[in-house]
2 protein chains.
Amino acid sequence: MSITSIDARTGEPRGASYDETSAAEVAATCAAAAAAAPGWAALSRADRAGALEDVAAALEARSAEIIATADAETALGEPRLTGELARTCFQLRFFAEVVREGSYLEATIDHADTSPMGPRPDLRRMLVPVGPVAVFGASNFPLAFSVPGGDTASALAAGCPVVVKAHEAHPATSVLCFEAMRAVLPDGVISLVLGRAAGAALVRDPHVRAVGFTGSTRGGRALADLAAARPEPIPFYGELGSVNAFVVTPAAAAVRAEEIGRGLADSFTLGAGQFCTKPGLALVPAGADGDGLRDAVTTAAEGRTFTMLTDGIRHAYETAAGRADTRAVTPTIVEVEAGELTPELLEEVFGPYLVIARYDGAADLDAAIDALPGALTATVHGEDDDRLGADLARSLPNRVGRVVWNGYPTGVSVGWAQHHGGPWPGTNTLFTSVGATAVRRFQRPVAWQSAPASVLPEELRDDHDGIPRRVDGVLHLPTT
Amino acid sequence: MSITSIDARTGEPRGASYDETSAAEVAATCAAAAAAAPGWAALSRADRAGALEDVAAALEARSAEIIATADAETALGEPRLTGELARTCFQLRFFAEVVREGSYLEATIDHADTSPMGPRPDLRRMLVPVGPVAVFGASNFPLAFSVPGGDTASALAAGCPVVVKAHEAHPATSVLCFEAMRAVLPDGVISLVLGRAAGAALVRDPHVRAVGFTGSTRGGRALADLAAARPEPIPFYGELGSVNAFVVTPAAAAVRAEEIGRGLADSFTLGAGQFCTKPGLALVPAGADGDGLRDAVTTAAEGRTFTMLTDGIRHAYETAAGRADTRAVTPTIVEVEAGELTPELLEEVFGPYLVIARYDGAADLDAAIDALPGALTATVHGEDDDRLGADLARSLPNRVGRVVWNGYPTGVSVGWAQHHGGPWPGTNTLFTSVGATAVRRFQRPVAWQSAPASVLPEELRDDHDGIPRRVDGVLHLPTT
């Protein structure tokens, strides 16, 4: 069996195809990753940070070829893919910064002491790499959430070798990125497998210690179940489907209907609506202001056309939209009353698809919000001194991972304070796949009791002063 | 059906019995916990810390009754249970300190800025409580790992209501502790259910957001599978079975055989060998020094007798030991050559049971260590300038959660640097159930994007200065 690189705009093969990785090859790849794990884990923080920067530079050196290939395979367009490669390289360098800063180790020292419980031994704790990590590339971000993406970057930063399962939608892009990375990393630290069977074998492989996944709730759940059913279960970090609510208060609709409508149209159609943070459900007030907002969204979206990532995605979108477009699809806006929201309408539709639910008063809105499944984000558009808006901004954190005020949920910046995760089905864990703390998914704690300095990691020795540490209960910053 | 309080020393009913909680009662209990969740989560850190201290005081106020009841139900003895209650109350006060210190919130602020990716919105992240937590009491610690134990204390500290499933081995102790706690906590913040069916219902209840469990690998795995199979999967934190390796180098055996042997005898029989950190496998060198160590363990353990927690535990121990003792059991020491270690010999036996495996040289030892399953701890006894000991202390962190140097693994002190967890089957997650970071199991991240100060938690407002925070990438300590 082989995987063929397809031109997303024409549906025609591009002339490159790749053998699916056999079960034996997956096993050998994972064994090689396990063999590479101790060396990669033992690298100093400075050296690992440098290696992440080398990866960024290696990708940039082949940017023209990578962007052209990704554009052919995804039809996302050169500007978007140029931005996505920049994001990918920024992210690698950001994780290098996280590694150098060193807080991610959570280095903690309790010197021997007496306590109300009697004498207490010297204890020192820090986080160590879990070992080889499997990463599943996503269809919708051929770079930033695929071979060189956030899961890979954070696992490498944590000190773990990575085996990526390439997404079928962009095999040539995956191979290209993999080759650029492999050239600057030690043997076995980055590997690539292709094919769905290889992906399942990866999740079951005894050398694999954790899995990072970005994709559909259904696909993610199936793999999560595999991970949980292993003889030794391993963590599965799934960033899954999400219906991101976008709530406009009457006060906001009264003064910004046109502006919000245009912004919403841009956001729900961004990347052809193939973003996990796409605002899929707008809760808009009944009445003239809400009508105006709806009209503004509709007008702004009208006439736009998009090429979907794959034929399969296009087909699923057209089924949900209830029509068959030509190869280029057009946006779909479904309008209902808030009381008419069914569970089906609260399922993610991948593509430029928006449900506008009109609510009549706060009670109607509350009832609709109570019925929402967990999600990655929720957005509130409100005004200053807008009681309803403030109430929403305070209550929505109970249901989602990120609350956006007077903005748009698409666009997930990479930084220290980012959180990209949320209650099921947004994700299946309490972690983020974007931002500094994404590394925590691939680390486990170890405590050393009464150990001589010679056997401790350098960050846990008394004389180390390069990173923030908690010593005898008190957090200390490095003095240098 | 009802659960009867049994005198562990006589096997006779103590005269108290308790109805098993029905499915409808479990559902109502979890709904009440969910109703209590917002109020408990919204409490200020100072008030929640105060409430934890009130719980400690309430338990101390009834200490005589609690200790006497626990002693009758477990036969662990008054000195041990007095210490265990002290530990339990110390732990509650320690988590109050963790809450006041505030680092556990991971408060992080990135002000709006430009980045290589273009303008970046204001983002603020912190951890919030997950919601109601189910806790399974353990047989072997009727206080410190049961109703008022570490899982409960850390979940309450994180801001989560707790529903405890009492262990069948000590229902009267559980009810007593629960009543003491309920009297000082808001309605619904602490609840108790009884019976195995109630425990399973708890794991499946839609209001429950996480589970803490201490017990056998088999029981834990069954519940973990239930948690993973829910329509909305939830995290299951299982502290499971563990064979804790105890390695003595030839250099250490040459000079401390007698001392190490006596210490090992005390450690593997502590609490009748019913500790999850019991050293269950001693790797001892072949030859005269190792013989001396084996003789010292055997002599020290000989003649000791123990009452097991329950008839079931006694029966399982006697089956493993291959004999039937009278009501009081005696220690079992099995000696094999390291090459003879089978998977059966590497399974935890609950009770005063020790396998001594004799190794002949470093290669023999390495082979034995390579075959070890994951565990909570490993211990090395070595000498200064003992190359083998240092190598072991450096490599064993790959396999366990805590490495003990020249000490004994039983005794898990509560503190900032403690880690009580480890690779499967030690636990099924990357978390600890003891120490400051135990709270992290019951928190999830939320990010606020461009939110006005009025809707932010106080710890994320610019003017807050009470806790360590990361602002624009730099960790800051409070100035007050």
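Proteins get letters first, then strands, A, B, ... in listed order; numbering begins at 1 in each.
The shortest distance between side-chain heavy atoms of A:Thr108 and B:Thr437 does not fall below 4.5 Å.
For B:Gln443, the part sitting under 4.5 Å from any heavy atom of chain A is the backbone (N, CA, C, O) and nothing else. With a 4.5 Å cut-off on non-hydrogen atoms, A:Val474 does not touch chain B at all. Residue contact with chain B, scored on non-hydrogen atoms closer than 4.5 Å, involves the side chain of A:Pro468 exclusively. Contacts of A:Arg221 with chain B are made by side-chain atoms alone, with heavy-atom separations under 4.5 Å and no backbone atom involved. The contact between A:Arg399 and chain B is made entirely by backbone atoms, counting heavy-atom distances below 4.5 Å. Looking at B:Arg93, there are no atoms closer than 4.5 Å to chain A (heavy atoms on both sides), in backbone or side chain. Both the backbone and the side chain of B:Pro445 come within contact range of chain A, judged by heavy atoms closer than 4.5 Å.
Of the listed residues (A:Pro38, A:Gly389, A:Ala210, A:Pro397), the one with the most heavy-atom contacts under 4.5 Å to chain B is A:Pro397. Your options are B:Pro452, B:Gly118, B:Gly83, B:Ala393, and the one with the most heavy-atom pairs under 4.5 Å with chain A is B:Pro452. The greatest number of non-hydrogen atom pairs below 4.5 Å with chain A, out of B:Ala436, B:Pro457, B:Gly401, is found for B:Gly401. Contacts with chain B were tallied for A:Asp472, A:Asn398, A:Thr379, A:Val380; A:Asn398 has the most, counting heavy-atom pairs under 4.5 Å.
Side chain of A:Arg394 to main chain of B:Ser454: a donor-acceptor pair is present (N/O by atom type, distance under 3.5 Å, no hydrogens or angles).
Taking the side-chain hydrogen bond (donor to acceptor under 3.5 Å, both in side chains) definition, one finds that B:Arg80 meets it with B:Glu84, sequence neighbours left out.
The two residues A:Ala451 and B:Trp405 have their closest heavy-atom pair at CA-CB, 3.8 Å. Here the closest non-hydrogen pair linking B:Leu475 and A:Ser103 is CD2-OG, 4.0 Å. Nearest approach of B:Val446 to A:Val400, heavy atoms of both residues: CG2-O, 3.9 Å.
Under 4.0 Å is where a charged nitrogen must lie from a carboxylate oxygen, and between A:Glu106 and B:Arg440 no such pair does.
Within residues 415-433 of chain A, the residues having any heavy atom closer than 4.5 Å to a heavy atom of chain B are A:Gly415, A:Trp416, A:Ala417, A:Gln418, A:His419, A:Pro423, A:Trp424, A:Leu430, A:Phe431, listed by residue number. Contact annotation for residues 120-130 of chain B against chain A (heavy-atom separation below 4.5 Å, listed by residue number): B:Arg120, B:Pro121, B:Leu123, B:Arg124, B:Arg125, B:Val130. Against chain A, the residues from residues 224-236 of chain B that qualify, each with a non-hydrogen atom under 4.5 angstrom away, are B:Asp225, B:Ala228, B:Ala229, B:Arg230, B:Pro231, B:Glu232, B:Pro233, B:Pro235 in number order.
Summarising the local packing, CG of A:Asp370 is surrounded by more than 12 heavy atoms from other residues, nucleotides or ligands at distances under 6.0 Å.
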